[in-house]
Amino acid sequence: AEALLNSDLLLTVQRRAATHLIQEYPLDVSELPITLNPAVYSMFWHRRYDKDSTSSWLRKTVNEILYKA
């Protein structure tokens with residue numbers, strides 16, 4: 001975000017991320033001039049990690065972050 005402050009650069013992020021950035025930095029937020037389809041996220045792992053506690057925690061954490069309402 002600091003790189004944007006004194007430049008003509010653009011940053012495209014989700015609305016949730018933009019909301020946090022404008023609380024910290026004096027940036028302008030604009031809607032995209034095009035319509036985008038929602039992003040689709042997938043996770044893949046080897047079945048040997050299905051019951052691995054660390055891997056399960058990571059998948060759960062990523063899922064909570066991506067699909068947080």
Side-chain angles (χ1 to χ4, degrees):
E2 290 184 16
L4 301 171
L5 294 176
N6 296 311
S7 73
D8 59 353
L9 297 173
L10 297 172
L11 175 66
T12 304
V13 296
Q14 294 174 330
R15 184 182 315 277
R16 187 170 51 198
T19 300
H20 289 290
L21 286 173
I22 63 173
Q23 291 174 5
E24 301 284 330
Y25 299 94
L27 298 170
D28 292 325
V29 175
S30 300
E31 295 293 325
L32 287 174
I34 59 174
T35 302
L36 298 177
N37 293 327
V40 177
Y41 300 98
S42 299
M43 290 188 277
F44 300 92
W45 60 92
H46 193 281
R47 77 180 83 156
R48 85 176 80 150
Y49 296 110
D50 279 347
K51 295 181 182 175
D52 177 72
S53 62
T54 303
S55 183
S56 294
W57 171 85
L58 180 60
R59 291 191 304 268
K60 180 179 178 240
T61 302
V62 169
N63 191 55
E64 288 172 356
I65 291 169
L66 291 177
Y67 297 105
K68 182 178 177 183

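Predicted model only: the values in this text are computed from it and were never measured. Side chains are part of it too, since the values below use all heavy atoms of this structure and drop only hydrogens, waters and symmetry mates.
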Taking all heavy atoms of Leu27 and all of Leu4, pick out the closest pair and write down the distance.
CD2-CB, 4.0 Å

For the residue pair Thr19 and Arg16, confirm or rule out a side-chain donor-acceptor distance under 3.5 Å.
no

Counting only heavy atoms not in Glu31, do more than 12 sit closer than 6.0 Å to its CD atom?
no

Between side-chain atoms of residues 38-47 and protein atoms elsewhere (two or more places apart, or another chain), which donor-acceptor pairs fall under 3.5 Å?
| unit_1 | atom_1 | unit_2 | atom_2 | d |
| --- | --- | --- | --- | --- |
| Tyr41 | OH | Gln14 | NE2 | 3.1 |
| Trp45 | NE1 | Asp50 | OD1 | 2.5 |
| His46 | ND1 | Arg48 | N | 3.0 |
| His46 | ND1 | Arg48 | NE | 3.4 |

Beyond-backbone contact of Glu2 with Glu24, side-chain heavy atoms, under 4.5 angstrom:
no

Linked, directly or transitively: Ile65 and Trp57 (ILVMFWY side chains, under 4.5 Å):
no

Under the side chain to side chain contact (heavy atoms under 4.5 Å, CB included) test, residues paired with Leu58 that sit two or more places apart:
Val62

Please check if Leu5 and Val13 belong to a single hydrophobic cluster, counting links between Ile, Leu, Val, Met, Phe, Trp and Tyr side chain heavy atoms closer than 4.5 Å.
yes

Quick check on Leu9: does its CG atom have over 12 non-hydrogen neighbours (other residues, nucleotides or ligands) under 6.0 Å away?
yes

Using the rule that Ile, Leu, Val, Met, Phe, Trp and Tyr join whenever any side-chain heavy atoms are under 4.5 Å apart, tell me whether Leu36 and Leu11 fall into a single cluster.
no

